[in-house]
Amino acid sequence: MAQAAPPEQPPPQSFEVWAGAEVFHQVWSMYAGGTHAPFGSVREDGFRLRAVAGYGTYSYSSPRWTGASVQALEFKGTTSFADLLAGYHKQLGPFTIKFLAGLTIVDQNVDDPEAIAGTETGAKALVETWWNVTDRAWSSIDLSWTTLHNIYGARARLGWRVGPKFSVGIEGGATGSLEYDTARIGGFVRYEWANGEASLSGGLTGDGPGSGWVDVHGPFATFNVLTRF
């Protein structure tokens, strides 16, 4: 009797794409990106290529000499960026870590004559981690830094699976540079399925010490959706 052929294995999911938006006091942005595992699956160890792009608008007040006195004037600006990164994904049991680094391009347009505007190019590096603490608890930490004005970003989450697909938890983060720092804290809900996930978060933001006239306080909300194929 002829032996039955083994069932065909599905092709590896070598692409991961996502899109999202963030809304803060006087700031909003949207972004989209993708990661490619050219030699295997995005869920397994291996080399990674990533591209991300985004756009946002913002407003702020800053003191200016008007010829008679110093007054706080309002300014508005737009920013767009693109990242081209390469790195490695490593799985260590319940712990996942990703290192990526490469090129970032940022374009700023603002009606403040004393602000930095135009297109700049620099280097960027980031680290992303995920830890399945238990069957129901998990945590993640994401860190980034760019040579453009030494801007950094950080976000940490602690989640609890309330069901096979839903998680709820708390998150905190910070963004800043040599000129300003902004921190945020809040909560989130996350829904996951076989090939992706979606998350919604919200909370409060506040300026850090030394932020001067940068005004990023009040509520915030973020939404992100991701799929693999």
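Values below: every heavy atom of this structure, side chains too, minus hydrogens, waters and symmetry copies.
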Any side-chain heavy atom of Q26 within less than 4.5 Å of one from E74?
-> yes
Does the side chain to side chain contact (heavy atoms under 4.5 Å, CB included) test come out yes or no for N150 and W145, once each step is laid out?
-> CA-CA 7 Å; N150 288 312; W145 174 79; 3.3 Å; yes
Approximate separation, where rounding is to 0.5 Å, of E16 CD and S41 OG = 9.5 Å
Any side-chain donor near an acceptor of the partner, T96 and Q91, under 3.5 Å | yes
To the nearest 0.5 Å, what is the distance between OG1 (T57) and CE (M30)?
-> 9.5 Å
Do W138 and W131 have their ring centres less than 6.0 Å from each other?
-> no
Residues that R64 engages under salt bridge (charged side-chain N to carboxylate O under 4.0 Å, His left out), provided they are two or more places apart | D112, E114
Can you find a heavy atom in the side chain of S139 that is under 4.5 Å from one in the side chain of V133?
-> yes
For D107, what residues pass the salt bridge (charged side-chain N to carboxylate O under 4.0 Å, His left out) criterion, not counting sequence neighbours?
-> none
For the pair I170 and F188, evaluate side chain to side chain contact (heavy atoms under 4.5 Å, CB included) and give the outcome as yes or no after the intermediate values.
-> CA-CA 6 Å; I170 58 174; F188 69 89; 5.7 Å; no
Non-hydrogen side-chain atoms of R184 and R155 separated by less than 4.5 Å = yes
Are any non-hydrogen side-chain atoms of I141 and L143 less than 4.5 angstrom apart?
-> yes
Return the minimal non-hydrogen interatomic distance between A37 and R48, and the atom names on each side.
-> CB-NH1, 3.4 Å
Between V127 and I97, is a side chain to side chain contact (heavy atoms under 4.5 Å, CB included) present by the stated rule, with each step listed?
-> CA-CA 7 Å; V127 178; I97 185 167; 4.1 Å; yes
Is it true that F223 and V168 fall in one hydrophobic cluster, defined by side-chain heavy atoms closer than 4.5 Å?
-> yes
Are Y31 and L148 grouped together when hydrophobic residues (ILVMFWY) are joined by side-chain heavy atoms under 4.5 angstrom apart?
-> yes
Give the cluster check for L158 versus V162: same hydrophobic cluster or not, with ILVMFWY residues linked at side-chain heavy-atom distances below 4.5 Å.
-> no
Rounding to 0.5 Å, atoms CD (E44) and OG (S14) come to a distance of 11.0 Å
Please name the pair of heavy atoms, one in N224 and one in A19, separated by the smallest distance, quoted to 0.1 Å.
-> OD1-O, 3.3 Å
Following the transitive rule for hydrophobic clusters with a side-chain heavy-atom cut-off under 4.5 Å over Ile, Leu, Val, Met, Phe, Trp and Tyr, establish whether V225 and L200 coincide in one cluster.
-> yes
Could you tell me which non-hydrogen atom of F220 sits nearest to which non-hydrogen atom of S201, and how far apart they are?
-> CE1-OG, 4.1 Å
Parallel, tilted or perpendicular: ring planes of F39 versus F47, cut at 30 and 60 degrees | tilted
Any donor-acceptor N or O pair under 3.5 Å, side chains T104, D83 = yes
Going by heavy atoms in the side chains, are K90 and K98 under 4.5 Å from each other?
-> no
Grab the two heavy atoms, one from A51 and one from L84, that are nearest each other, plus how far apart they are.
-> CB-CD2, 4.0 Å
Are R50 and E128 within salt-bridge range, i.e. N to O under 4.0 Å?
-> yes
What pairs with E192 under salt bridge (charged side-chain N to carboxylate O under 4.0 Å, His left out), at least two apart in sequence or on another chain?
-> R161, R190
Modelled atom types, side-chain donor and acceptor of N195 and W193, under 3.5 Å = no
Output, in order, the C-alpha distance, side-chain angles, deciding distance and verdict of side chain to side chain contact (heavy atoms under 4.5 Å, CB included) for V52 and W18.
-> CA-CA 9 Å; V52 189; W18 64 90; 3.8 Å; yes
So ring pair (Phe, Tyr, Trp, His ring centres under 6.0 Å) across residues 148-176, not counting sequence neighbours, yields F166-Y191
With K76 via salt bridge (charged side-chain N to carboxylate O under 4.0 Å, His left out) - residues at least two apart | none
Hey, quick one: are L73 and Y58 part of the same hydrophobic cluster, counting side-chain heavy atoms closer than 4.5 Å, chains of contacts allowed?
-> yes
Please tell me if the side chains of T121 and L103 come closer than 4.5 Å, counting only heavy atoms from C-beta onward.
-> yes
Sub-4.5 Å side-chain heavy-atom contact between L126 and L85 | yes
Is any side-chain heavy atom of R157 less than 4.5 Å from a side-chain heavy atom of W130?
-> no
All heavy atoms of G87 vs all of L100, minimum pair found to be N-CD2, 3.8 Å
Tell me the ring pair (Phe, Tyr, Trp, His ring centres under 6.0 Å) pairs involving residues 66-102, sequence neighbours left out?
-> Y60-F75
Work out which heavy atom in S177 is nearest to a heavy atom in I151; give both atom names and the distance.
-> CB-CG1, 3.9 Å
